[in-house]
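For this chain, numbers begin at 1 and follow the sequence in order. No hydrogens, no waters, no symmetry mates; every other heavy atom, side chains included, goes into these values. None of the values given here were measured: they were computed from a predicted structure.
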Amino acid sequence: MANKTTSEKLATLQKGYTLEGATIELGAAIIDGELHKDAPVRLPLSMMNRHGLVAGATGTGKTVTLHMMAEQLSTAGVPVFLADIKGDLSGLATAATGSEKLTARTEGIGQAWQGRTFPVEFLALGGDGNGVPVRATVSSFGPILLSRIMELNDTQESSLQLVFYFADKNGLELIDLKDLRAVIQFLTSAEGKDQLEELGGLSKATAGVILRELVSLEAQGLEKFFGEPEFDTAELLRTAPDGRGVITCLELPTLQTKPMLFSTFLMWLLADLFEDLPEAGDLDKPKLVFFLDEAHLLFNDASKAFLEAITTTVRLIRSKGVGIFFVTQTPKDVPAEVLGQLANRVQHALRAFTPEDAKALKATVSTFPMSDYDLEETLTSAGIGEAVITVMNEKGAPTPVALTRLRAPESVMGPSDEALVRSTVAGSALLAKYGTAVDNHSAFEKLSGKAAAPTGPAAGGSVPREPVQGGAGQGGAGQDDVDAEARRIEEEILGRPSSRPAPSAETRRRTPAESAPAPRPGAGDSMVGDIGGMLGGALGGGLKSMARSIGTQLGRELLRGVFGTSSRRRRR
């Protein structure tokens, strides 16, 4: 390839990033060591649901990059989900303060900067942190995701699928871990011996192993992540009263002690959205952009079934208007089947201190289109806040590779004051819905003959509610406001009649009778019998065979979602 002059390289980038529709501004190109603010690098908003990768070594600016992108998405009216690994992203609720250094940087790339706050909602898994508690029922979570948390092998995972099948078939609601434990204990008891034999592929010994792993989860205190009220993932699709997208930050303060749980919970959120959102086709802007930080945790030691489910979700969820950005250190952290579907790439600097680093560097370079840069040299010499970028343009073709100095966020690059976070949570309308845990009549009570345990306050439930500037709960919105927004999401975005009560109606919980599977008359009964027979074959093989062969609505209901999940809406 003939060497190009700087002006020729500049012209190539200017042409490649000249776009017609709304865009996310990423920064300005660096060519031959010089910054060119007349060569802006941008990403079409309409292509954000083609997914992406933000990668780079520790300390190179990945978190700041997704922070900056989240701000612009919110401004464009697009809701954003962020997993806040280090707590730095809470700064979105606080306006940044300018400085001479910041002004020099922003003027150099042509950014008209001003400090701003953004509408933020803080969540915490099971109340483990300051945010509004997020819980899932065991039934909704499903056997595949639960098997990953319990670190079961393929045989044990298939057996757990049979336990869920038994519970679904017999109307035993799996709300929390004690419900699942009660079902397994029943199947391994003298009373349940006949039902265990009917399942065929589930041995008493394997059921005992699953039971021990389940008790181990409870001993680690993980039971608080499972229960009711279950978080409705439609809450992630909200917009603020001023039209900006709500940025939902899921706080993960104890990630290092429970990495498998947290990464799998993030996948549950995506799986639930995947199952409930209607097909949307090509949109001017996505319904939601989902950033998965520390993405390598999703794939470490993942089973084949789990990887297949992730690949399917990533491939199909874009047509439902959801974009996923994986955030990790190197592209090799992401399986090739998933990496091939990530059209937008923001690659921060890589290090080549070891032979393994050098191998990862070469592999990363090979995934980029041909360019005017020496990418091996560029990727090892890029500074903090700089990245090599190529994205999908509005015609579906990759843009030219550009070394880019990235824009600066307009909110604080770091944590907000803890008092601000707490008061934002206290002012959130979601706190009334999810702040207090409940324990309804379910499998444990049915099998033991006990009444449901009394309800109690969850973490954060007793915090006084105060409106906070910049928070999603600004203005002290009440439950009626939340229900009105939820109805709008269900009717306008999800495309289904709303199940929410009118503002003046008294909110009530579903009874176990409403949650239990309805009987299937006629031909459906015989099909259930046929399915039960198939499940009695080789361990787990019948279930996988069913997934391939049954295309009916009944088959889809029994087999649950792509991850074995079952949302509250599908259980009604």
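Side-chain contact check for F122 versus E251: every heavy-atom pair is 4.5 Å or farther apart. You'll find the side chain of L288 stays beyond 4.5 Å of the side chain of V80, heavy atoms only. Inter-residue side-chain proximity for M267 and T313 is flagged as met; some heavy-atom pair is nearer than 4.5 Å. Side-chain contact between K224 and D128: present, with at least one pair of heavy atoms (C-beta onward) separated by less than 4.5 Å. By the 4.5 Å heavy-atom criterion applied to side chains, V209 and L211 are not counted as neighbours. Side chains of L217 and E223 form no contact here, defined as non-hydrogen atoms less than 4.5 Å apart. F444 places none of its side-chain heavy atoms less than 4.5 Å from the side chain of V183. Side chains of L92 and L82 form a contact here, defined as non-hydrogen atoms less than 4.5 Å apart.
A donor-acceptor pair is defined here as one N or O able to donate and one able to accept, closer than 3.5 Å; no such pair exists between the side chain of E275 and the backbone of D272. Not one N or O on the side chain of T233 forms a donor-acceptor pair closer than 3.5 Å with the backbone of L269. At least one donor-acceptor pair closer than 3.5 Å links the side chain of T311 to the backbone N or O of L307. Not a single donor-acceptor pair under 3.5 Å links the side chain of E157 to the backbone N or O of S147. When atom types are taken as modelled, the side chain of R148 and the backbone of L298 share a donor-acceptor pair closer than 3.5 angstrom. With hydrogens and angles disregarded, no donor-acceptor distance shorter than 3.5 Å links the side chain of S216 to the backbone of R212. Although no hydrogens or angles enter the test, the distance criterion places no donor-acceptor pair under 3.5 Å between the side chain of Q341 and the main chain of V338. Although no hydrogens or angles enter the test, the distance criterion places no donor-acceptor pair under 3.5 Å between the side chain of Y434 and the main chain of L123. Checking side-chain atoms of S159 against main-chain N and O of T206 turns up no donor-acceptor pair under 3.5 Å. For the pair K320 (side chain) and L277 (backbone), a donor-acceptor distance under 3.5 Å is present.
Taken from CG in L125 to CZ in F231, the straight-line distance is 10.5 Å, to the nearest 0.5 Å. Interatomic distance, CG of L199 versus CG of L187, reported as 6.0 Å (0.5 Å rounding). Rounding to the nearest 0.5 Å gives a distance of 6.0 Å between OG1 of T248 and CD of E121. With rounding to the nearest 0.5 angstrom, the CG atom of L447 is 8.0 Å from the CD atom of E191. Separating the OG1 atom in T137 from the CG atom in L180 is a distance of 11.5 Å, to the nearest 0.5 Å. Interatomic distance, CD of Q156 versus CD of E151, reported as 11.0 Å (0.5 Å rounding).
Residues A437 and P229 approach most closely at CA-CD, 4.1 Å, considering heavy atoms. Of all non-hydrogen atoms in A443 and D179, the two that sit nearest each other are N-OD1, 3.4 Å. The nearest pair of heavy atoms linking V421 to S416 is CG2-CB, 4.2 Å. The shortest heavy-atom contact between S140 and E230 is CB-OE2, 2.8 Å. Considering all non-hydrogen atoms of both residues, S74 and G245 come closest at OG-O, 2.7 Å. Residues L292 and L270 come closest through the heavy atom pair CD1-CD1, 4.0 Å.
In this structure, a donor-acceptor pair under 3.5 Å is present between the side chains of E279 and S319. E445 and S448 are not linked by any side-chain donor-acceptor pair at a separation below 3.5 angstrom, with hydrogens and angles left out of the test. Judged by distance alone, the side chains of T328 and E294 never bring a donor and an acceptor atom under 3.5 Å apart.
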> side-chain contact (heavy atoms from CB on, under 4.5 Å) between R318 and H51: does it pass, once the steps are laid out?
Replying inline: CA-CA 8 Å; R318 75 168 186 83; H51 310 319; 3.6 Å; yes
>> Go through it in stages, so that I can follow the logic: the residues are L177 and F225, the test is side-chain contact (heavy atoms from CB on, under 4.5 Å), and I'd like the CA-CA distance, side-chain angles, deciding distance and then a yes or no.
In response: CA-CA 9 Å; L177 293 182; F225 300 108; over 6 Å; no
> For V327 and T63, what are the C-alpha separation, side-chain angles and deciding distance, and is it a side-chain contact (heavy atoms from CB on, under 4.5 Å)?
Replying inline: CA-CA 8 Å; V327 184; T63 300; over 6 Å; no
> Can you check side-chain contact (heavy atoms from CB on, under 4.5 Å) on F81 and C249, steps first, answer last?
Replying inline: CA-CA 6 Å; F81 174 87; C249 288; over 6 Å; no
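Look at E418 and R422 and you find a salt bridge, because one of the NZ, NE, NH1 or NH2 atoms lies within 4.0 Å of a carboxylate O, short of that distance. A salt bridge links R181 and E218; the closest N-O separation between the charged side-chain nitrogens and carboxylate oxygens is under 4.0 Å. The pair D439-K178 meets the salt-bridge criterion, since a charged nitrogen lies less than 4.0 angstrom from a carboxylate oxygen. Here E337 does not pair with R315 in a salt bridge; the nearest charged N to carboxylate O distance is not below 4.0 Å.
Not less than 6.0 angstrom separates the ring centroid of F325 from the ring centroid of F290.
Between F226 and F265, the ring-plane angle classifies as tilted under the 30° and 60° cut-offs.
Atom CG of N300 has more than 12 neighbouring heavy atoms from other residues, nucleotides or ligands inside a 6.0 Å radius.
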